Student: 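So that we are looking at the same thing, I have put the structure below in structure tokens.
It should be emphasised that the depicted structure is a prediction, and the values quoted were computed from it without experimental measurement.
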Amino acid sequence: MTVLFPEMNPQMDSYRIGTLLELARSIAITLAEQNLRVRVCVQGSMGVGIFTGVPKQLNGVHTLLQRMDWESESGEENEGMVGDYINFGFVGKEHVVNTVEDVVGEDPISTKQDDVFLILCPQNMVGLESSIIGPLSEMVDAAGDRPVIIINPDLTDKISSQGQQSIRGRQQRLDFANSFETIFQFQNIYVSGTSYFPILGSVVKLGPTQPWVAHQRRDLADGAGEVYLPVYSSENKPDNEVLMGTFEK
């Protein structure tokens with residue numbers, strides 16, 4: 001899933017971490033209401049020795065996820081949902097929970113498996129030799145045929161001190177990143193990659209079997225607001241050249 005309107009774009013001053021958390025909560029609760037157990041995950045600290053860290057965009061997110069209001073307390077709308085149908089973890093195969101049947105004394109104990117994994121903004125970091133691809137691919141393998149949903153991923157290699165992200169295993173990392181299917185996308189289109197205003201329009205894909213649709217933003221008369229009009233549709237994601245050419249017509 002790619003959701004990049006201004007409040008969800010970490011490259012912009014308008015970025016708001018609360019919007020990302022609200023999106024994750026909404027998706028997790030919707031899945032849990034379908035009787036699916038969801039594990040919401042954030043990548044942990046990466047690197048070796050003193051060269052470790054978490055992406056600034058994700059700093060503190062794991063704690064905020066658990067502290068935000070899920071309306072899961074006694075008497076609330078989602079009573080008992082957190083801890084049963086919604087749980088939290090980090091990126092890695094050790095955070096994939098499978099069904100476990102056990103007996104303690106005379107009491108049978110059953111641990112239910114995770115049905116869906118929701119991973120927030122997995123990304124590589126500039127300067128670190130460690131890539132998120134390793135733990136993420138191990139987690140996907142451990143999940144087997146269970147869905148793994150990644151929100152706003154950035155799985156491209158970054159500059160690292162010894163060049164490990166740029167050279168070693170690069171093709172395997174690219175193949176893994178490209179193995180994910182787009183199930184939803186909303187992304188604003190701007191004049192250039194370095195200018196975030198004005199907004200020219202958006203490119204949208206509303207579901208895994210839906211077409212890619214480009215919408216052009218147009219101002220209403222007398223400053224009455226704006227409207228997005230569909231101007232292009234395709235089975236394949238349009239590139240910037242196609243979008244700019246469409247908007248200029």
Side-chain angles (χ1 to χ4, degrees), residues 1-2 20-21 23-25 27-29 31-32 34-49 51-66 81-102 104 109-158 160 162 164-183 208:
M1 292 182 64
T2 300
L20 172 64
L21 296 174
L23 174 64
R25 177 174 58 188
I27 295 173
I29 289 176
L31 292 170
Q34 299 176 44
N35 204 35
L36 296 172
R37 285 182 164 79
V38 185
R39 186 163 298 275
V40 185
C41 299
V42 181
Q43 74 186 68
S45 180
M46 296 172 53
V48 179
F51 299 103
T52 60
V54 175
K56 182 172 62 175
Q57 178 186 359
L58 299 175
N59 188 31
V61 169
H62 186 263
T63 300
L64 291 173
L65 274 171
Q66 299 176 73
M81 186 176 286
V82 172
D84 188 0
Y85 281 88
I86 297 177
N87 289 284
F88 308 100
F90 292 100
V91 175
K93 61 183 179 181
E94 62 273 19
H95 294 277
V96 175
V97 175
N98 301 307
T99 299
V100 176
E101 302 289 346
D102 200 357
V104 177
I109 296 178
S110 177
T111 301
K112 301 296 184 181
Q113 75 169 13
D114 299 321
D115 297 309
V116 182
F117 301 89
L118 185 63
I119 303 176
L120 307 186
C121 308
Q123 56 193 277
N124 291 316
M125 295 177 62
V126 174
L128 294 185
E129 299 304 323
S130 302
S131 169
I132 189 61
I133 295 293
L136 181 58
S137 62
E138 291 176 354
M139 188 174 193
V140 170
D141 290 341
D145 59 357
R146 288 171 283 180
V148 177
I149 302 172
I150 54 178
I151 299 178
N152 288 357
D154 181 5
L155 303 183
T156 57
D157 285 346
K158 299 292 190 296
S160 56
Q162 297 180 29
Q164 291 185 22
Q165 282 198 52
S166 302
I167 301 174
R168 302 177 188 174
R170 176 176 172 81
Q171 188 58 53
Q172 290 86 342
R173 292 193 295 273
L174 289 173
D175 292 342
F176 174 76
N178 293 331
S179 68
F180 286 92
E181 175 186 0
T182 299
I183 59 174

Student: Heavy atoms only: give me the nearest V148-F180 pair and the separation to one decimal.
Tutor: O-CE2, 4.2 Å
Student: Any ion pair linking R37 and D84 (charged N to carboxylate O, less than 4.0 Å)?
Tutor: yes
Student: Can you find a side-chain donor-acceptor pair between Q57 and Q123 that sits under 3.5 Å?
Tutor: yes
Student: Give, for atom CG of D141 and atom CG of L136, the distance between the pair rounded to the nearest 0.5 Å.
Tutor: 9.5 Å
Student: Does L21 reach the side chain of L64, with side-chain heavy atoms less than 4.5 Å apart?
Tutor: yes
Student: Heavy atoms only: give me the nearest P122-Q43 pair and the separation to one decimal.
Tutor: CA-OE1, 3.3 Å
Student: From L174 CG over to T156 OG1, what is the distance, rounded to the nearest 0.5 angstrom?
Tutor: 9.0 Å
Student: Distance check, rounded to the nearest 0.5 Å: L65 atom CG versus L20 atom CG?
Tutor: 8.0 Å
Student: Taking all non-hydrogen atoms of both residues, which atom of M139 and which atom of V91 are closest, and how far apart?
Tutor: SD-CA, 3.9 Å
Student: Could you check whether any side-chain heavy atom of I27 comes within less than 4.5 Å of a side-chain heavy atom of M1, counting everything from C-beta outward?
Tutor: yes
Student: Using the rule given for side-chain contact (heavy atoms from CB on, under 4.5 Å), can you reason through V116 versus I149, listing the C-alpha separation, both sets of side-chain angles and the distance that settles it, and then say yes or no?
Tutor: CA-CA 8 Å; V116 182; I149 302 172; 4.0 Å; yes
Student: Specify the closest pair of heavy atoms between L155 and I150, including all atoms of both residues, with the distance to one decimal.
Tutor: CD1-CD1, 4.3 Å
Student: Any side-chain heavy-atom pair from K93 and P135 closer than 4.5 angstrom?
Tutor: no
Student: Determine whether the side chains of D115 and Y85 contain a donor N or O and an acceptor N or O closer than 3.5 Å.
Tutor: no
Student: Are C41 and L118 close enough that some pair of their side-chain heavy atoms sits under 4.5 Å apart?
Tutor: no
Student: Between V38 and A28, what is the shortest heavy-atom contact and its length?
Tutor: CG2-O, 3.9 Å
Student: Answer whether the closest heavy-atom distance between the side chains of M81 and I86 falls below 4.5 Å.
Tutor: yes
Student: How about H62 and F88: are their ring centroids closer than 6.0 Å?
Tutor: no
Student: Is the closest side-chain heavy-atom distance between Q172 and S137 below 4.5 Å?
Tutor: no
Student: How far does CG of L36 sit from CZ of R146, to the nearest 0.5 angstrom?
Tutor: 12.0 Å
Student: Pair Q113, V97 - check side-chain contact (heavy atoms from CB on, under 4.5 Å), show working.
Tutor: CA-CA 5 Å; Q113 75 169 13; V97 175; 5.5 Å; no
Student: So how far is it from D154 CG to N152 CG, rounded to the nearest 0.5 Å?
Tutor: 10.0 Å
Student: What's the verdict on side-chain hydrogen bond (donor to acceptor under 3.5 Å, both in side chains) for N124 and S131, showing C-alpha distance, side-chain angles and the deciding distance?
Tutor: CA-CA 6 Å; N124 291 316; S131 169; 3.0 Å; yes
Student: Write down the atom of F117, the atom of V96, and the distance for their closest heavy-atom approach.
Tutor: CZ-CG1, 3.6 Å
